[in-house]
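Because the structure is predicted, anything quoted here is derived from the model rather than measured. So you know, we letter chains A, B, ... as the sequences are listed, proteins then strands, and number each from 1.
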Amino acid sequence: MNKKVNEDLKQIIKDAVQNMPRKNKVNIEKFPNIILTTPKNSEHGHLSTNIALQLQNIFKEKSMILANIIVQEIQKKDTGILEKAEIAEPGFINFYLKNNVFFQILNEIMSKKEQYGKSNIGNNKKILIEFVSVNPTGPLHVGHGKCAAVGDALAKILSKAGYQVSTEYYINDHGRQMDILGKSVFARYRILSGEDVSFPENGYKGDYITALAKEIIEKHNYRFIGKNNTETIQFFKEYAHKKIITDIRKDLVSFGVEFDNWFSEETLYSDDKVRPVINRLLEEKHIYQQDGALWFKSTACGDEKDRVVVRESGEPTYFASDIAYHEDKYKRGFETLIDIWGADHHGYVKRMKAVIDALGYDIDSFQVLLVQFVTLIKEGKIVGMSTRGGEFVRLKDLISEVGKDVARYFFLMHSHDSHTEFDLDIAKSQSMENPVFYIQYAYARICSIIEKGKNEKIDISEESGIDLDLSLLKSKEEIELIKKLANYRKIIERSAIYWRPYLVASYLHELASIFHKYYTEYKVINPDINLTKSRLYLIHATKIVLKDALKLLGVEAPEKM
RNA sequence: GCGCCUGUAGCUCAAUAGGAUAGAGCAACGGACUUCUAAUCCGUAGGCUGGGGGUUCGACUCCCUCCGGGCGCGCCA
């Protein structure tokens, strides 16, 4: 329900509880939070509260009796929004709202347009979401796609919920992995040129490495043969790195994901940001020396063991960069940091939390969202996805097979917390098995009706609400639809608070479902002109919400299908 | 062995943060197009929520325990 109605009703309940006659003369020391829910079962009213159940222990009185007294108290005055209030076992109070409350929601949607559903729970807080951040040693695969979709949708949802959001991709372009990449491509180059050399044991074996080597042969011929020196390796490294990053960026763009910032690990060293923070932590005794290496005391935050930040060789670890990187995030003014990682990195969470603590920031201001693995199903069988062997399905291929919209929706339709299955055959089928088309179809149907209305010279705009007789919208299905539209803001907020983009996805499916039912049952354009106008107004509002929610997920809203 | 995630209809997943009769989609079966797009709608069937204990007005949800699945436990990133 819209905010004002919710607040008003809470106040009404609160007043009623405070004014109610008390048998046991109990004072309410701590007033319980009044919780209003929208019941699943429409027989339980439009809104419901469990306040009487919560109060029964405080008042030492049966909840049904309390509920009864509260309802009597509420009924003493006209609230303007309530049709009636009922009690139900074992002590719920169910509220039925007046119809004009619903009509106001339609007016609100039509006047606010895409601003409808916007919330301010974020309080303009600066929040940084870092996601994907795949090593630039190979192309993106399907598993990364899930992180990308979740991160991107979350950013949009948080922004709608009133946060000041920035997104970032962290490029690990510093450590040994980059050297291995350079050596891998060089080795492939030499093999292709006919040299009898063995491929490095720990090298990257994917076919993209071969493709890179071929590309270099085309551009530079065989001029690197016999020049097995650091300069050559450096060239191969930089070439491969640049090319892979470009491809990653391209794949992400075609997936509808664009970052506000690409942060290079290398710059942490070139700008000398690592050493100072390590020294500081050393002074503050969060880091100590042992066996010739520097160790960070992550056991302070429940980690299994302390972790090395600078090796015996004097070379800093990846972890050292991460300390500096996260400090830098705070220094840039972000109050909340969200990192989205694949579930295989979960062992890293505790040490990072310990870092945040040691740096002196609130441990809860740093949150990690672990995205569980995706199992890809093709023809009923599981498709292998080993990263090193190079036998994974690329995000690029997935997009070209099923399209951006379907791929994104499939990643977003379930909780990031659960291991999901991605069935390629269902995703490809343009049938009713596919929930994306189901939602888009609802949108297209609405567009089609509005178009037909225009052809018959019946046009509806936001101003027309004043002249309309919305009380004509009284069928169960119409009220259901409006109720769902009214719930939009709440879904955004919950989705933002618990970082669950899938709530928006399932909301969309439910909204589409209600619309489809309504569509089948009633004709929007019908002989009664006033009824037609009111119904057009309703579906127009539905269209606005559908489009906005789809936008949050990064899924297109086609006008025709 | 320790840690994180997970176990709900034949399958894929929900369940409003502890709420009312555990719900959707697919698959199965039976219906609905002369009408704004049938990529839709309606109906039938399908459940000891992995097992057992506990907490309370009330548990899929929280706690303990056991069993199963995924992932991780480097001076790799």
Side-chain angles (χ1 to χ4, degrees), chain A residues 35-41 43-44 48 50 52-54 56-57 62-64 88-92 94 135 137 172 174-178 180 202 265 291-295 302-305 307-313 315-319 321-322 342-350 370 372-373 375 377 413-415 417-423 426 429-438 440-442 444-453 455-456 487 490-491 494 497-498 502-503 506 509-510 512-513 515-526 532 535-536 539 560-561:
Chain A
I35 300 164
L36 279 177
T37 54
T38 41
K40 298 170 214 168
N41 190 335
E43 284 169 29
H44 296 143
S48 177
N50 61 353
L53 290 154
Q54 289 184 305
Q56 65 179 329
N57 281 337
K62 285 240 160 55
S63 50
M64 280 302 274
E89 291 280 359
F92 291 102
N94 297 328
N135 289 354
T137 53
N172 304 123
H174 179 73
R176 292 173 187 175
Q177 301 299 316
M178 295 311 296
I180 297 171
N202 57 355
E265 181 185 8
D291 304 329
L294 291 182
W295 298 73
D303 199 5
E304 299 160 21
K305 51 178 284 191
R307 309 289 172 172
V308 170
V309 283
V310 180
R311 299 184 184 94
E312 209 177 343
S313 63
E315 193 188 358
T317 61
Y318 171 85
F319 185 42
S321 314
D322 246 355
D344 52 336
H345 288 73
H346 74 250
Y348 208 75
V349 177
K350 277 184 180 156
L370 290 172
Q372 296 297 322
F373 276 17
T375 313
I377 309 280
M413 65 196 273
H414 302 310
S415 166
D417 239 1
S418 64
H419 321 236
T420 45
E421 281 195 10
F422 194 119
D423 193 318
I426 291 180
S429 72
Q430 306 212 342
S431 71
M432 44 189 166
E433 290 178 44
N434 195 322
V436 185
F437 295 121
Y438 182 86
Q440 292 180 323
Y441 187 48
R445 271 181 154 176
I446 291 174
C447 292
S448 173
I449 300 170
I450 290 171
E451 193 59 31
K452 193 186 174 193
N455 290 340
E456 297 185 15
N487 234 355
K490 214 168 168 179
I491 294 294
R494 266 239 297 288
I497 291 168
Y498 300 107
Y502 84 90
L503 291 175
S506 43
H509 196 271
E510 286 160 18
S513 170
F515 170 76
H516 281 309
K517 273 175 203 166
Y518 175 57
Y519 176 93
T520 319
E521 191 81 18
Y522 298 90
K523 300 280 288 179
V524 171
I525 294 172
N526 61 76
T532 300
R535 286 182 174 169
L536 274 171
I539 65 162
K560 281 199 176 79
M561 283 179 78

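Within the structure, a side-chain polar atom (N or O) of R311(A) is placed less than 4.0 Å from OP1 or OP2 of C76(B). Dashed line: the shortest gap from a side-chain N or O of N41(A) to OP1 or OP2 of U21(B) is not under 4.0 Å. The phosphate of U16(B) (OP1 or OP2) has no side-chain N or O of R494(A) nearer than 4.0 angstrom. Neither OP1 nor OP2 of A77(B) sits under 4.0 Å from any side-chain N or O of Y318(A). Look at S418(A) and you'll find a side-chain N or O under 4.0 angstrom from OP1 or OP2 of A14(B).
Considering only heavy atoms from C-beta on, R445(A) comes within 4.5 Å of H516(A) through its side chain.
K490(A) and T37(A) get closest at one heavy-atom pair: NZ-CA, 4.3 Å. A343(A) and Q372(A) get closest at one heavy-atom pair: CB-OE1, 3.5 Å. The nearest pair of heavy atoms linking A442(A) to A512(A) is CB-CB, 3.9 Å.
By the 5.5 angstrom centroid cut-off and the 30-degree plane limit, H509(A) is classified as not stacked against the base of A24(B). Taking a centre distance below 5.5 Å and an interplanar angle below 30 degrees as the stacking criterion, H174(A) does not stack against the six-membered base ring of A77(B). Between F373(A) and G70(B), no base-stacking contact is recorded for ring centres under 5.5 Å apart and planes less than 30° from parallel.
The separation of G47(B) from U8(B), taken at their C1' atoms, amounts to 8 Å, rounded to a whole angstrom. Nucleotides G23(B) and C60(B) place their C1' atoms 12 Å apart, quoted to the nearest Å. Straight-line distance between the P atoms of G3(B) and C63(B): roughly 14 Å, to the nearest whole Å. A distance of about 22 Å separates the C1' atoms of G10(B) and G70(B), rounded to the whole Å. Between the C1' atoms of C26(B) and G68(B), the separation comes to 26 Å (whole Å). Rounded to a whole angstrom, the distance from the P atom of U55(B) to that of U40(B) is 49 Å. Here, G1(B) and G53(B) have their P atoms 25 Å apart, quoted to the whole Å. On the C1' atoms, G30(B) is 26 Å away from C13(B), given to the nearest whole Å.
The distance between atom CG of D417(A) and atom C1' of C71(B), rounded to the nearest whole Å, is 13 Å. Regarding I449(A), its CD1 atom lies at a distance of 10 Å from the P atom of C36(B), rounded to whole Å. The CE atom of M413(A) sits 17 Å away from the P atom of C11(B) (whole-angstrom rounding). In this structure, CZ of R176(A) is placed 4 Å from P of C76(B), rounded to the nearest angstrom. We find that CG of D303(A) is positioned 13 Å from C1' of G74(B), with the value rounded to whole Å. We find that OH of Y522(A) is positioned 17 Å from C1' of U35(B), with the value rounded to whole Å. A straight line from CD of E304(A) to C1' of G72(B) spans 9 Å, rounded to a whole angstrom.
Nucleotide G3(B) forms a pair with C71(B), judged by Watson-Crick or G-U wobble geometry with both contacts under 3.5 Å. Partner assigned to A24(B) is U12(B), using Watson-Crick or G-U wobble distances below 3.5 angstrom. Both distances falling under 3.5 Å, in either a Watson-Crick or a G-U wobble arrangement, place C41(B) opposite G31(B).
For R307(A), the listed nucleotide lying nearest its side chain is G74(B); candidates were C36(B), U21(B), G74(B). Side-chain proximity of T520(A) to A20(B), U21(B), C41(B): nearest is C41(B). The side chain of K40(A) sits closest to A20(B) out of G72(B), A77(B), A20(B). Distances from the side chain of K305(A) to the nucleotides C75(B), U37(B), A14(B) place C75(B) closest. Each of C4(B), A39(B), U16(B) was ranked by its minimum atom distance to the side chain of F437(A); first place goes to A39(B). For F92(A), whose side chain is taken as the heavy atoms from C-beta onward, the closest listed nucleotide among A38(B), G19(B), C75(B) is G19(B). Among the nucleotides U37(B), A15(B), A77(B), the one closest to any side-chain atom of Y502(A) is A15(B). Nearest to the side-chain atoms of M561(A) among the listed nucleotides A77(B), C4(B), A39(B) stands A39(B). For Q372(A), whose side chain is taken as the heavy atoms from C-beta onward, the closest listed nucleotide among C5(B), G19(B), A77(B) is C5(B). Between U37(B), C36(B), A77(B), one nucleotide has an atom nearer to the side chain of V524(A) than all others, and that is C36(B).
Residue contacts shown for F319(A) are absent, as no nucleic acid heavy atom lies under 4.0 Å away. Contact annotation for F515(A): no contact, since no heavy-atom pair falls under 4.0 Å across all strands. Residue N94(A) is classed as a base contact, given a heavy-atom separation below 4.0 Å to a base. Among the atoms of the strands shown, base atoms are found under 4.0 Å from some heavy atom of A444(A). Residue K523(A) is in base contact, counting any heavy-atom pair closer than 4.0 Å across all strands shown. Using a 4.0 Å heavy-atom cutoff across all strands shown, S448(A) reaches at least one base atom of the nucleic acid. In this structure, N526(A) reaches neither bases nor backbone, as no heavy-atom distance under 4.0 Å exists between it and the strands shown. Residue contacts for N135(A): at a heavy-atom cut-off of 4.0 Å it reaches the sugar-phosphate backbone alone, with no base atom in range. Counting non-hydrogen atoms under 4.0 angstrom, H44(A) reaches a base of the nucleic acid.
Residues L370(A) and S313(A) each lie close to RNA chain B; by heavy-atom proximity, the contact nearer the 5' end of the strand is made by L370(A). The nearest heavy atom of RNA chain B to Q54(A) and to Y519(A) marks one nucleotide each, and the one closer to the 5' end goes with Q54(A).
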Intermediate values then yes/no, side-chain contact (heavy atoms from CB on, under 4.5 Å), K517(A) and T520(A): CA-CA 5 Å; K517(A) 273 175 203 166; T520(A) 319; 5.6 Å; no
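Counting only N and O atoms by type, the side chains of S321(A) and E265(A) include a donor and acceptor under 3.5 Å apart.
We find the NZ-CD1 distance between K523(A) and I449(A) to be 8.5 Å, quoted to the nearest 0.5 Å. One distance of note links NZ of K452(A) with CD1 of I450(A); it measures 13.5 Å at 0.5 Å rounding. Separation of atoms CG (L503(A)) and CD1 (I491(A)) is listed at 6.0 Å; rounding is to 0.5 Å.
For D344(A) and G72(B), a side-chain-to-base donor-acceptor distance below 3.5 Å is absent, hydrogens and geometry of angles not being considered. For S48(A) against A20(B), a side-chain N or O and a base N or O form a donor-acceptor pair under 3.5 Å.
Looking only at distances, a side-chain donor or acceptor of T317(A) sits under 3.5 Å from a matching main-chain atom of V309(A).
Nucleotide C33(B) is shown with a syn base, its glycosidic torsion being within 90° of 0.
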